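Source: prediction; values computed, not measured.
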Amino acid sequence: MAGRILVVDGLPTNRITMKVRLASACYEVSTASSGAEALRLARLIHPQIVLIGANLPDMDGPALCNAMRALPCAADLPVLVQASGANRVSALRAGATALIDARCDELTLLARIRGLMRHETGGLEHPAPGMAEAAAGFAAESRPHAVFVADRPATALGWRHALQDRVDFAISVREPEHALAEAASARVADLYLIAADIQQPGDGLRLLSELRARPRSREAAVVIALRPGRGEMMPVALDLGAGDVLPWDLARPDAAPETAMRLQAQLARKHEADRRRHETQRNMRWAMTDPLTGLHNRRFALPRLAELAAEAQERQGVLAVMLMDLDHFKQVNDIHGHPAGDAVLAGIAARLAATLPEGALLARIGGEEFLAVLPDCPARAARRVAENLRHAVMAAPIPLPQGCTAAELCVTISVGVALGHGGPHLPPVDPEALLASADRALLNAKSSGRNRIVMASTVIAA
């Protein structure tokens, strides 16, 4: 199923019709005939979207929306409310995510639901840790920033004049090319209000597509304004990523309060999505990062090593794997205490990271053991890099925290190096075999006196 939807309507015919329409689109649909039943079901099934219709026997749509928002399981739940007249503003004040019209066609409704479902999944296709694009920054000023783009500057200026005292964000008026240029240069707006027809019919939707396709602006909130008679464009705009669609006369005195609230609602959803996305990315980094050194941990490093091994095989390259272990580290903790040991580990990690060439993988995979993986690194280059790492560690003492038995400490490392050769006539590069080989070389380095490098079975003395 594509998702769980709760339909609430007082008329059996409406409930049945809506259930058939949504079930045919492969949604899992539950229905309720009253507000009380809807609240009970929301606690029980945890829907992903709630559609509130009319004719409820115990409360109207805004009251039910407000009651939904009070449920712990539904505080951020998308709620679509069928409302007309004064109830439209009341529903928005009660926390409605969007308003639906009783005459709403099936294509538009399904497009709106698809957009909300995309928002609820939070964009699960997050980049891999360590490869994420920089998050789009907010405008420099403290207030959120909106950009209005219309067919003529006068139209957008009229929108701004009618709304600027009703909203708590700054508003700029831009030409389409200027808006795109700013987005490309990191001056991304939090919200865009775009006319569907600017110079040519539908070119506002092309601007929407461009903004959604660009890394810096793809998370911005976008609202489309439609001219009368262009209702067929509404589902297209929603499917392209518009959060809402407003009528062209959105700045009319009797429409401006609703317009302001709908724009504020889109901005609030954008900020909540930002918070969730950043929290997810932070949790992913924490899950794959060693908190003491800031390096990748074993959970990240081993799968990444397997990827690099496969790439070496495909490109017929040489993959260098290095295991590094701090010499006599147990004595550091036993003599100087664990704060000293932590300082040594963090200091050595920083030196290793600063010395390794760009493109190398560095991770802490054990207590005092580090892993470095270097793509396209043949034996002579690997030996040189390993020697650089060994010298970087022993080049200067590591400062210790106050309260330790010494102010600084000299440390050394032992290094084991293994090489994997990729090629069409060679066995596949085996990451586990490479690790085992590097580990044997590291043990040889330790048993040969420490502070030295072993490449495969050849000892390079310090």
Side-chain angles (χ1 to χ4, degrees), residues 2-5 42-43 45-50 65 68-80 95-98 112-146 168-169 183 186-192 211-223 241-244 263-304 346 349 361-364:
R4 295 183 306 279
I5 299 178
R43 295 187 189 97
I45 67 172
H46 297 283
Q48 292 170 270
I49 294 178
V50 176
C65 181
M68 280 281 177
R69 289 285 177 243
L71 296 178
C73 63
D76 300 317
L77 179 67
V79 180
L80 278 65
T97 307
R112 191 177 287 282
I113 289 173
R114 285 192 294 269
L116 290 171
M117 285 292 182
R118 284 196 301 270
H119 174 78
E120 282 306 292
T121 59
L124 295 178
E125 58 280 0
H126 291 295
M131 303 178 218
E133 298 159 341
F138 292 122
E141 58 181 306
S142 58
R143 296 175 72 199
H145 178 219
D168 62 0
F169 51 81
R187 295 192 299 275
V188 182
D190 299 283
L191 170 71
Y192 292 88
L211 291 171
R212 283 285 178 254
R214 296 174 186 234
R216 297 183 184 276
S217 56
R218 65 165 55 116
E219 307 299 343
V222 182
V223 176
D244 202 354
L263 294 179
Q264 289 285 174
Q266 290 301 310
L267 193 58
R269 289 183 63 222
K270 178 256 193 294
H271 288 164
E272 175 61 18
D274 287 346
R275 184 193 66 77
R276 291 183 182 180
R277 185 173 61 257
H278 295 158
E279 182 177 328
T280 299
Q281 292 171 347
R282 182 192 64 203
N283 291 341
M284 291 172 65
R285 288 194 298 269
W286 284 355
M288 298 187 179
T289 302
D290 172 50
L292 176 62
T293 63
L295 302 179
H296 291 304
N297 60 15
R298 189 181 191 93
R299 182 181 297 167
F300 176 89
L302 297 188
R304 182 59 181 151
L361 167 68
L362 178 62
R364 180 188 176 198

>> Could you go through Asp244 and Arg112, starting from their C-alpha distance and side-chain angles, then the distance that decides it, and tell me whether this counts as side chain to side chain contact (heavy atoms under 4.5 Å, CB included)?
In response: CA-CA 8 Å; Asp244 202 354; Arg112 191 177 287 282; 3.4 Å; yes
> Taking only residues two or more places apart in sequence or in another chain, which ones pass side chain to side chain donor-acceptor pair (under 3.5 Å) with Arg69?
Replying inline: Thr97
> Nearest heavy-atom pair of Ala220 and Ala189: which atoms, and what distance?
Replying inline: CB-O, 3.5 Å
> For Arg282, which residues count as a side chain to side chain donor-acceptor pair (under 3.5 Å) partner, sequence neighbours excluded?
Replying inline: none
> How many angstroms lie between OG in Ser217 and CZ in Arg187, if you round to the nearest 0.5 Å?
Replying inline: 13.0 Å
> Do you know the tightest heavy-atom contact between Cys65 and Val79?
Replying inline: SG-CG1, 4.0 Å
>> Within this structure, what is the CG-CG distance for the pair Leu191 and Leu263, rounded to the nearest 0.5 Å?
In response: 5.5 Å
> How close do Leu77 and Pro47 get, heavy atom to heavy atom, and via which atoms?
Replying inline: CD1-O, 2.9 Å
> How would you list, by chain and number, every residue that makes a side-chain contact (heavy atoms from CB on, under 4.5 Å) with Arg299, sequence neighbours excluded?
Replying inline: Ala287, Asn297
> In Å and rounded to the nearest 0.5 Å, what is the CZ to CD distance from Arg212 to Glu219?
Replying inline: 7.5 Å
> Excluding sequence neighbours, so at least two apart, what forms side chain to side chain donor-acceptor pair (under 3.5 Å) with Asn283?
Replying inline: none
>> Nearest 0.5 Å, please: how far is CG in Asp190 from CZ in Phe169?
In response: 9.5 Å
> If you look at every heavy atom in His271 and Pro144, which pair is closest and at what distance?
Replying inline: CE1-CG, 3.9 Å
>> Could you report the tightest heavy-atom contact between Leu295 and Ala349, atom names first, then the distance?
In response: CD1-CB, 3.7 Å
> Between Leu71 and Ala42, which heavy-atom pair has the shortest distance, and what is it?
Replying inline: CD1-CB, 3.9 Å
> Does Arg214 have any salt bridge (charged side-chain N to carboxylate O under 4.0 Å, His left out) partners at least two apart in sequence or in another chain, and if so, which?
Replying inline: Glu210
>> For the backbone of Ile45 and the side chain of Arg4, can you confirm whether one donor and one acceptor N or O come within less than 3.5 Å of each other?
In response: yes
>> By the definition salt bridge (charged side-chain N to carboxylate O under 4.0 Å, His left out), identify the one residue from Arg275, Arg276, Arg277 that meets it with Glu279.
In response: Arg275
> Rounded to the nearest 0.5 Å, how far does NE2 of His296 lie from CE of Met288?
Replying inline: 9.5 Å
>> Asp290: which residues meet the side chain to side chain donor-acceptor pair (under 3.5 Å) condition with it, sequence neighbours left out?
In response: Thr293, Arg364
